[in-house]
Number of protein chains: 4
Amino acid sequence: MSDTRRGRARSEAVRRAILEATRDELAANGYDKLSIDRIAAAAGAGKQTVYRWYPSKSALVAECVLDGYGFPATGPVPNTGAIRRDLRDWLGAFADHLAQPQSAALIRASTAAAAESDDVALRFYDHVTAASEDALTARLRDAAPAARPASATAAAEALVGAMLYRLLVRQPATPQFLDSLVDTVLSGIQGTGGTDSTGTQAPQSHT
Amino acid sequence: MSDTRRGRARSEAVRRAILEATRDELAANGYDKLSIDRIAAAAGAGKQTVYRWYPSKSALVAECVLDGYGFPATGPVPNTGAIRRDLRDWLGAFADHLAQPQSAALIRASTAAAAESDDVALRFYDHVTAASEDALTARLRDAAPAARPASATAAAEALVGAMLYRLLVRQPATPQFLDSLVDTVLSGIQGTGGTDSTGTQAPQSHT
Amino acid sequence: MSDTRRGRARSEAVRRAILEATRDELAANGYDKLSIDRIAAAAGAGKQTVYRWYPSKSALVAECVLDGYGFPATGPVPNTGAIRRDLRDWLGAFADHLAQPQSAALIRASTAAAAESDDVALRFYDHVTAASEDALTARLRDAAPAARPASATAAAEALVGAMLYRLLVRQPATPQFLDSLVDTVLSGIQGTGGTDSTGTQAPQSHT
Amino acid sequence: MSDTRRGRARSEAVRRAILEATRDELAANGYDKLSIDRIAAAAGAGKQTVYRWYPSKSALVAECVLDGYGFPATGPVPNTGAIRRDLRDWLGAFADHLAQPQSAALIRASTAAAAESDDVALRFYDHVTAASEDALTARLRDAAPAARPASATAAAEALVGAMLYRLLVRQPATPQFLDSLVDTVLSGIQGTGGTDSTGTQAPQSHT
DNA sequence: AGGTAATCGAGACGGTACGTCCAGTCTTTGT
DNA sequence: ACAAAGACTGGACGTACCGTCTCGATTACCT
C-alpha cells in the first residue's frame with residue numbers, strides 16, 4: 001500500500017514560472033485580456049501544464065494574487081499606545097502598497113476575478129477580511145476590552161471596503177482621506193458625536 | 001452653414017432594446033461571458049449598431065447599470081428626526097436592493113467593468129459617491145451643522161465600500177451587520193468612544 | 001396623358017461617375033474585392049443611386065467593361081490581300097491591348113463576373129464572339145468564299161479562347177505564340193498538313 | 001539537429017473533409033457566395049483549421065478543383081491510327097465532362113479563382129496546359145514527327161481556350177462545334193487550305 | 001537494468017467570440 | 001421624384017483564445 005505516485009514528478013519550478021508569467025500579464029493587460037496561451041508561452045510551458053495546476057482563469061488569478069504576489073500580508077496593527085496613530089499607520093501602509101501601479105493592477109484583477117467566481121470571492125473574503133479583522137480585533141482588545149466583536153468586523157470591512165472602493169474607482173487614498181476615515185471609524189462622523197439625542201441608542205433591526 | 005443632420009436618424013428604440021438585452025444577458029451569465037453577438041441577436045440588432053452606440057463591452061455595461069437598470073437611485077436619506085434610524089433605513093433599502101440576485105449580478109458586473117476601464121471607473125465613482133455623499137451630507141447638515149465636509153465623503157465611502165465589498169465577496173448584509181456599520185459610522189467603534197486619551201486628536205499626515 | 005416623369009430627372013453625369021469609379025476600383029482591386037460602398041463614395045454618389053442603375057455587382061461590371069471601358073472595340077480584320085499578315089496584325093492589336101496591366105485587370109474582372117452570372121456570361125458572349133466572328137467571317141469571305149460559316153465560329157472562338165486563356169493564366173501572348181496561333185488556325189498543326197492519310201476527311205459526330 | 005515534428009500531427013482526414021465540403025458548396029452556390037464559415041461547419045472543422053491548410057478562398061478552390069475533384073485528368077490522346085478521330089474523341093470526352101452541371105460549376109469556380117490570384121493562375125496553367133500539351137505532343141509525334149513544338153502549345157491552348165471559353169459563356173460544346181474545332185486545328189480554316197498564296201509563309205514578328 | 005507511467009513542451013483540433021467590412025434596404029433632409 | 005447621407009439588419013471575414021487531445025521526449029518509480 002503505497003501513496004507514492006508513479007511517473008514523472010510535477011515540477012514546482014514550472015508552477016512558479018506560470019505564476020510569475022500570470023503576475024506580469026495581469027499587471028500589463030488586466031484580468032479581461034489575460035490569455036492562457038500567452039501565459040504558457042511566457043512561462044515556457046505547455047497549455048496543458050497550466051490547466052493541470054489551475055482549472056480556470058479565476059483560480060489562477062486567485063492563487064497568484066492571494067497566495068503569491070500582490071496582496072499585502074496585512075500584518076498586525078502596531079501598538080504604540082496611541083490607537084489613532086497606530087490605525088492610521090496601518091492604513092497608510094496599506095495605502096502605500098495600493099499606490100504602486102503594479103499592485104493596484106493586481107488587486108483590481110483579483111476583484112474582477114472575485115466578481116466572476118464564487119470560489120474566488122470566498123477565498124478573497126477569507127484572506128482579506130479575516131486577516132484585517134484579526135489585526136484590528138487584537139489591537140482594539142488592548143485599547144478597549146469592552147468592544148463587541150461585531151464592531152470589529154464592521155469597522156474592518158468599512159476600512160477595507162473604503163480602500164478597495166477607492167482603488168476600484170481610481171481615486172487616490174490621500175492622507176486627508178485616510179485621516180477622515182480613521183476619525184470616522186474611531187469617533188463617528190465629526191459633529192454627531194457618540195450620542196444621538198433624537199434616535200434610539202439600541203440598534204434597530206431592519207428587513 | 002447648417003446643423004441639420006443628413007441621413008437616417010439613429011433609433012432610440014434600438015438603443016433601448018440593446019440595453020435590455022444586455023441587462024438580461026448580464027443577469028444570466030455575468031460580465032465575463034457577456035457576448036456582443038448574443039446581445040445583438042437578442043435585441044434584433046446588427047452588431048455594428050451595438051458598436052455604433054457603445055465602443056466596448058465595459059461602456060455598454062456602464063450605461064446599462066448606471067444610467068439604465070440595476071443601480072439603485074440612491075435617494076435622499078429620510079429625515080424623521082432620528083438620525084440613526086434614518087441612516088439605518090437608508091442603508092437597509094440599499095441592502096434590500098442588493099439582496100435581489102439579479103441586481104447583485106448587475107452590480108458585480110459593473111464593478112468588473114470598472115476594474116477593466118478607467119472611463120467606466122470614473123463614471124461609477126461619479127454616479128455612486130456623488131449621490132451617496134450628497135444624500136448623506138444633506139441629512140447630516142440638518143442633524144449637525146458643524147460636521148466637516150471631508151467627514152461626509154469618508155463616511156459615505158466607508159458605507160458604500162463596505163456594502164460593495166460584502167456584495168463582492170458574497171456575504172449577505174445582515175441586519176446585524178448593518179446595525180454595527182451604522183453604529184460605527186455614527187459613533188465610532190463601540191468601546192473606544194469618541195475620545196482617544198492616548199492618541200493625538202489632530203489627524204496626522206502620512207506618506 | 002403625359003409620359004414626362006415627375007420629380008428630379010436621373011442624372012447621366014452621376015451614372016458616368018459611377019462607371020468611372022467602378023473601372024478604377026476594378027483595375028486597383030479586382031472583381032472579388034469590389035465594394036459598392038467604395039464605388040459610391042468615390043463617385044460622390046449615394047449607394048441607393050448605384051442600386052437604382054445597376055441591380056448587382058455583376059451587372060455593374062458588365063456595363064463597365066463591355067459597354068464602357070476596357071474591352072477593345074474589335075474592329076474589322078484589315079485586308080491588305082495577305083491574309084496571314086492581316087490576321088496576325090489583328091490579333092497583335094488585341095494582344096497589345098491585353099498587355100496593358102489595367103486592361104488585363106478589367107477583362108479578368110469581367111471573366112470573373114461572367115463566371116458568376118448567367119446574364120453577364122451571355123452579354124459577354126454576344127459582345128465578344130459576335131464581334132470577332134463577324135470580323136473574321138468578313139475577311140475570310142474575301143479570301144476564301146467557299147469557307148463554311150461554322151469554321152469561322154470555331155476559328156474565332158479558338159483565337160479568342162486562346163487569348164483569354166493566356167490572359168487568365170498570366171502568360172504573355174508573345175509574338176512567337178501569336179505566330180503559331182495564326183499558323184495553326186490558317187494551316188492546321190504544322191506537319192500534319194491539310195490532309196490526313198489515316199483518318200477520315202469528313203468530320204465525325206460525337207456524343 | 002532534429003527533424004521530428006513536435007505537437008499533434010495534422011489530420012489528413014480533416015483536410016479531405018474540408019475539400020469535400022468545398023466541392024459541395026461550390027457546386028451549390030458558386031465561387032462568389034462561397035463561405036469559409038459554411039465550409040468549416042459542413043466539414044465539422046474549425047475555421048482556423050481551414051485557414052491552417054489554405055490561406056485563402058482561391059487557394060482552397062484551386063486545391064479542390066485541380067488536385068482533388070472537378071478537373072478531368074486529361075489522359076493521353078488515344079492512338080487508333082486515325083488522328084482526326086482520336087483528337088475528336090479526346091475532345092469529346094472533355095466536353096462530356098464539362099457538360100455535367102456540377103463539373104461546369106467547379107471549373108467556372110476555378111477560373112474565377114484564377115482571375116483573382118496570380119498563384120492560382122499559375123497552378124491552373126501548369127495543370128491544364130502542361131497536361132493537354134503533353135498529351136497532344138505525344139500523339140502528334142506519332143502522326144507527324146516533323147511538327148514543331150511551338151505548334152503543339154498553340155494548338156493545345158487553342159483547343160483548351162475554346163473549350164473553357166464556351167464553358168464560361170454558357171454555350172454548349174455541340175458535336176458540330178467540336179468537329180469544326182478539330183478540323184480547324186488539324187487542317188486550318190476550311191477553304192483557306194494549307195497554303196497562303198498572297199501572304200508570307202514565314203511568320204511575321206509583331207509588337 | 002528495463003519496463004511503465006505520469007509529466008513535459010509543442011501544437012493541431014472543434015468551437016466561440018471578437019471587431020470590421022460590406023450587401024442591400026430604409027429613412028431623413030435637401031434640391 | 002431623385003439625390004446625398006447615413007443608420008439599419010444580416011452575415012462573412014480573418015484573428016485570437018478556449019479547453020481538449022495527440023504527439024515525441026523526459027523523468028521517475030517499480031518491478
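A, B, ... follow the sequence lines: proteins, then strands. Residue 1 opens every chain.
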pair Leu26(A)-Leu34(A): side-chain heavy atoms closer than 4.5 Å: yes
To the nearest 0.5 Å, tell me how far [X] [atom1] sits from [Y] [atom2].
| X | Y | atom1 | atom2 | value |
| --- | --- | --- | --- | --- |
| Glu116(D) | Lys33(C) | CD | NZ | 7.0 Å |
| Ile18(B) | Tyr54(B) | CD1 | OH | 7.0 Å |
| Leu60(D) | Tyr51(D) | CG | OH | 9.5 Å |

Along DNA chain E (nearest heavy atom to each residue), the more 5'-positioned of Ile36(B) and Ile36(C): Ile36(B)
With nearest nucleotides of DNA chain E determined for Ala41(A) and Pro55(C) from heavy-atom distances, which residue corresponds to the more 5′ nucleotide? Ala41(A)
Mapping Asp37(D) and Asp37(A) to their closest nucleotides on DNA chain F, which lands nearer the 5' end? Asp37(D)
For Arg108(B) and Thr111(B), which heavy atoms make the closest approach, and how far apart are they? O-OG1, 2.6 Å
Between atom [atom1] in [X] and atom [atom2] in [N], what is the gap in whole Å?
| X | N | atom1 | atom2 | result |
| --- | --- | --- | --- | --- |
| Asp32(B) | dG19(F) | CG | P | 10 Å |
| Tyr31(B) | dC18(E) | OH | C1' | 14 Å |
| Arg38(B) | dG11(F) | CZ | P | 18 Å |
| Arg15(C) | dC2(F) | CZ | P | 16 Å |
| Leu34(A) | dA17(E) | CG | C1' | 17 Å |
| Leu60(D) | dC13(F) | CG | P | 11 Å |
| Tyr51(D) | dA16(F) | OH | P | 13 Å |
| Ile18(C) | dA3(F) | CD1 | C1' | 11 Å |

Show which side-chain atoms of residues 39-50 of chain C pair as donor or acceptor with protein atoms under 3.5 Å away, not counting sequence neighbours.
residue, atom, partner, partner atom, Å
Lys47(C), NZ, Asp37(C), OD1, 3.4

When you check every protein heavy atom under 4.0 Å of nucleotides 4-9 of chain F, what one-letter string (B, S, -) results, 5' to 3'? BBBBBB
The helix from dA1(E)-dT31(F) to dT31(E)-dA1(F): angle between terminal helix axes, five bp per end, to the nearest 10 degrees, reads 10°
Would one find a side-chain N or O of Ser35(B) under 4.0 angstrom from OP1 or OP2 of dC18(E)? yes
For Asp119(B), what residues pass the side chain to side chain donor-acceptor pair (under 3.5 Å) criterion, not counting sequence neighbours? none
Listed partners of Glu25(D) passing side chain to side chain donor-acceptor pair (under 3.5 Å), at least two apart: Arg38(D)
Please, which pairs that meet salt bridge (Lys or Arg N to Asp or Glu O under 4.0 Å) have at least one residue in residues 58-68 of chain A, sequence neighbours excluded? Arg15(A)-Glu63(A), Glu63(A)-Arg123(A), Asp67(A)-Arg123(A)
